[in-house]
Q: 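The structure follows.
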Amino acid sequence: MRLSSRAVTLLAVAALPLALSACSSGSSDSSSDSGASAKPAKAKNPNAGLLTGTQLKKALAPASAFPAGLTLQSDGASDSGDKFLTPSSRKTAKPDCTRLLGTSWIQVTGFEGGVSFAQNDYANQDETEAVAQEIDAFQGSTAKTVMKELRSVATECATFTDTDTHAKVKVTGRSTAGLGDEAFTITLTSGTWETGTTLIAARSGNDVVTVLSTAGSDNGAAAAKKVTTRVLGSLKGKSGA
């Protein structure tokens, strides 16, 4: 598993509201037919209702949700803090299928991630087993688009070669009931691996939870589902500030 946590530089974007002073041109006669100056409509905040990275971090599954023997990897933990990031446009080039082998695998869709995020990963001592989790919050209907693209990726990346190990990887995907508003599971297997990898993406409103697991003899499936379920439970009922 490649550890590829999102390297985020938070840009402190200063809000620059328009100075809407009630200035009148010419006379200040209060008897004007226009009456009180009309106030411009307040622009809708596209991040309204979304959780910040700090809030998403609290929704990540705790150590108790991970298989015994796996511990938190400090270099794989990151989040976007209290500020929202500028939404990134989707890259429409052919997906880099090798991203399915690492953390932040949501980027295989062409999206860098959400306007806020939190992630970490757990592994055993020799890193032969690992489970990584990430939550990304998206504006508008983007979360639904991300899930749609993940389904396409499972088809486009039906087989690919891992450039590091030169292993030929087979990819299968299926819709998964009972997890969030919608969920999709991808399984990676190779004849040169002892066990495969399970990837689960589940949407809860505007949040997309992505989990990668290589833990266990079932291609990591049980561990992936347990962590995903725990994160979705934490997100349920939460709302942005």
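Note that the coordinates shown come from a computational prediction; the quantities given were computed from them, not determined experimentally.
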Q: Taking the side chain as everything from C-beta on, heavy atoms only, tell me whether D96 gets closer than 4.5 Å to V108.
A: no
Q: Is there a side-chain contact between T197 and L212 (heavy atoms, below 4.5 Å)?
A: yes
Q: Using 0.5 Å steps for rounding, measure from the CZ atom of R203 to the CG atom of L235.
A: 12.5 Å
Q: Evaluate side-chain hydrogen bond (donor to acceptor under 3.5 Å, both in side chains) for S116 paired with S80, printing each intermediate quantity in order.
A: CA-CA 5 Å; S116 62; S80 54; 4.7 Å; no
Q: For the side-chain contact (heavy atoms from CB on, under 4.5 Å) test, which of T185, D121, I135, T228 pairs with V211?
A: T228
Q: Do V209 and E134 touch side chain to side chain, with heavy atoms closer than 4.5 Å?
A: no
Q: Measuring from T198:OG1 to I186:CD1, what's the distance to the nearest 0.5 Å?
A: 10.5 Å
Q: Mind checking whether D79 and Q119 have side chains closer than 4.5 Å, heavy atoms only?
A: no
Q: Whether the side chain of N120 engages the backbone of G76 through a donor-acceptor N/O pair (distance < 3.5 Å, no angle test) should be reported.
A: no
Q: About how many Å separate OG1 of T142 and CE of M147, when rounded to the nearest 0.5 Å?
A: 13.5 Å
Q: Is it the case that the side chains of T54 and D82 hold a donor-acceptor pair, with the cut-off being a distance below 3.5 Å and no angle test?
A: yes
Q: Please check if the side chain of T161 supplies one atom and the backbone of T163 the other of a donor-acceptor pair under 3.5 Å.
A: no
Q: To the nearest 0.5 Å, tell me how far N206 CG sits from D136 CG.
A: 12.0 Å
Q: For S234 and R230, indicate whether the former's side chain and the latter's backbone hold a donor-acceptor pair under 3.5 Å.
A: yes
Q: Is the backbone of T109 close enough, under 3.5 Å, to the side chain of R90 for a donor and an acceptor to pair up by distance?
A: yes
Q: To the nearest 0.5 angstrom, please state how far the CD atom of E194 sits from the OG atom of S217.
A: 11.5 Å
Q: For the NZ atom of K226 and the CZ atom of F66, what is their distance to the nearest 0.5 Å?
A: 10.0 Å
Q: So, does Q133 use its side chain to make a donor-acceptor pair with the main chain of A61 at under 3.5 Å?
A: yes
Q: Ring-plane angle category for F111 and F138, please: parallel below 30°, perpendicular beyond 60°, tilted otherwise.
A: perpendicular
Q: Dump the intermediate steps for salt bridge (Lys or Arg N to Asp or Glu O under 4.0 Å) on K148 and E182, then the final yes or no.
A: CA-CA 10 Å; K148 179 182 177 181; E182 58 177 319; over 6 Å; no
Q: Quick one: does any side-chain atom of D162 pair with a main-chain N or O of H166 as donor and acceptor, under 3.5 Å?
A: no
Q: Output, in order, the C-alpha distance, side-chain angles, deciding distance and verdict of side-chain hydrogen bond (donor to acceptor under 3.5 Å, both in side chains) for S204 and D207.
A: CA-CA 5 Å; S204 177; D207 300 321; 5.4 Å; no
Q: Under a 3.5 Å threshold, yes or no: a donor from one side chain and an acceptor from the other, between Q139 and N47?
A: yes
